[in-house]
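Report on one structure; see the data block that follows.
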Amino acid sequence: MRLCRYLDATLGEDRLGLVQGQEILDVTPALDAIPAQRWPLAQGDPLITHLEAVTVRIRTLAAAAPRRPLAGAKLKSPVANPSKIINAPINYAAHIDEAKKDQGIAHGRDIKNIWDWGLFLKANSALIGPGEEIRLRMPDRRNDHEVELAVIIGKPCNKVAKADALAYVAGYAIGLDMTIRGPELPSFRKSVDTYAVCGPWLTTADEVGDPGNLRLFITVNGEMRQDASTARMVYDVPKLIEYASSMYTLLPGDLIFTGTPEGVGPVKPGDVLHAEIEKVG
Ligand code: MN
C-alpha cells in the first residue's frame, strides 16, 4: 500500500491519499479511525500510531473513493509529525572516500566511521514533501543534495535487537538530507527549514520486503548525480534501528535517514531534483 499526504488546493487542506498507479484515491475519512486526543498529546505521529486501524478503514473506502491524477498533486511528507528525524552520517564507504578527498565536504573534520560518530538529529521543522520547494539558506555556501532511504518506524521500540528490528518498520520513503557544508555541527547545518524532504509517499514494508538491496538515485536537472544500492550501506537498516534504539526509544512515525551514497554535490536556486528508490517510489 502506498499512502500519501497531499494538498487539496480547493479545500485548502491536507488530504490522505491511497496511490494506485497514476491516480490518488482520496481516503481522508479513514482518519476518523484516529482517536481524538487531549493535551498533552502523545509523542509520535498519530497516523502512523494508528496505521492499522486507518488501513482497515482505507480498504473499505477505496472502492468508492474520489480519484484524481497523481500528476500535478502537491505531495507533502507522508509523516506529518515525527517525534524525531534520525540521520546516519558517513554510512556508505564510497561517500566516506569522497568526503576524505574533498575539503568542501570534510571542512577539516577527520572523516572516520559511523561507529565513531554515532547518529545525529535534524529539526522536525525542516520537514517538507516533494511537492514543496527547498528554499536555500546561505546561498553563498555549498548546499548539497544527499539522497537516502528513509525508514518510517511503525511501533515503539527500545533496545531492539538487529534480528527483530524490521518488525518495527511501518514502511519506507525517499529522504533528501539537504545540507549546508561548513564547520558547524551537522544538526545545525542540516536543520534549515525545508532541508528534510520526505516522500513521495509511505510504501508499506510488505511491498518493499528486504530494504538491503534497493537501487537509489537522484538527478539534478536531468543529470545523474548519485546512483547506488542500499546494499552498500556500512550499517544496514536493521543495524541502524538497533543502534538508534540502543540510545533512545523509537516512536511511530520516527524517520531514519539511512545515509547517502557517493556523488553528493551542490544545488542552486531553480534546480529540479528527481529521486527514485526501487520499490519505494
Ligand atoms: Mn545524510
Side-chain angles (χ1 to χ4, degrees), residues 77 79 82 84-107 109-130 134 136-138 141-153 172-199 211 214-220 225-237 239-241 243-244 254-267 271 273 275-277 280:
S77 170
V79 181
K84 48 195 170 295
I85 305 172
I86 301 155
N87 290 254
I90 50 174
N91 198 29
Y92 284 76
H95 174 58
I96 294 173
D97 290 343
E98 75 178 351
K100 283 178 175 168
K101 287 181 198 141
D102 183 353
Q103 280 305 313
I105 300 174
H107 278 271
R109 269 182 301 273
D110 183 11
I111 306 293
K112 294 180 165 179
N113 294 292
I114 185 169
W115 51 87
D116 298 307
W117 281 12
L119 305 171
F120 67 92
L121 302 176
K122 280 168 91 92
N124 295 348
S125 46
L127 189 61
I128 61 166
I134 299 162
L136 296 182
R137 195 80 58 106
M138 305 178 84
R141 289 250 207 120
R142 182 168 153 186
N143 280 266
D144 278 9
H145 56 79
E146 295 190 354
V147 67
E148 313 196 357
L149 175 69
V151 178
I152 302 169
I153 295 294
Y172 300 91
I174 302 171
L176 290 188
D177 174 20
M178 297 303 298
T179 300
I180 298 177
R181 300 293 175 199
E184 301 90 347
L185 294 173
S187 60
F188 186 64
R189 293 181 285 108
K190 292 167 170 268
S191 283
V192 178
D193 291 358
T194 75
Y195 275 44
V197 189
C198 184
L214 304 173
R215 182 187 177 208
L216 73 170
F217 70 85
I218 187 167
T219 66
V220 178
R225 291 280 190 89
Q226 296 180 273
D227 186 3
S229 165
T230 59
R232 312 270 299 280
M233 287 182 188
V234 177
Y235 276 6
D236 63 10
V237 170
K239 178 66 183 174
L240 286 171
I241 293 170
Y243 193 41
D254 279 2
L255 300 172
I256 304 178
F257 283 19
T258 54
T260 200
E262 68 279 13
V264 301
V267 295
D271 282 350
L273 283 64
E276 292 188 28
I277 300 181
V280 172

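Read the numbers this way: they start at 1 and go in the same order the structure lists the ligands and their atoms. What's counted below: heavy atoms across the whole structure, side chains too, no hydrogens, waters or symmetry copies.
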R232, CZ: over 12 other non-hydrogen atoms inside 6.0 angstrom: no
Pairwise distance CD(Q226) to CG(D144) - rounded to 0.5 angstrom: 8.5 Å
From S187 atom OG to L119 atom CG, the distance as rounded to the nearest 0.5 Å: 12.5 Å
Taking every non-hydrogen atom, the tightest pair across F257 and L176: CE2-O, 3.7 Å
Total protein N/O/S atoms whose distance from the Mn ion (ligand 1) is less than 2.8 Å: 3
N-O pairing of D102 and R142 below 4.0 Å: yes
Pair K100 + E262, salt bridge at N-O below 4.0 Å: no
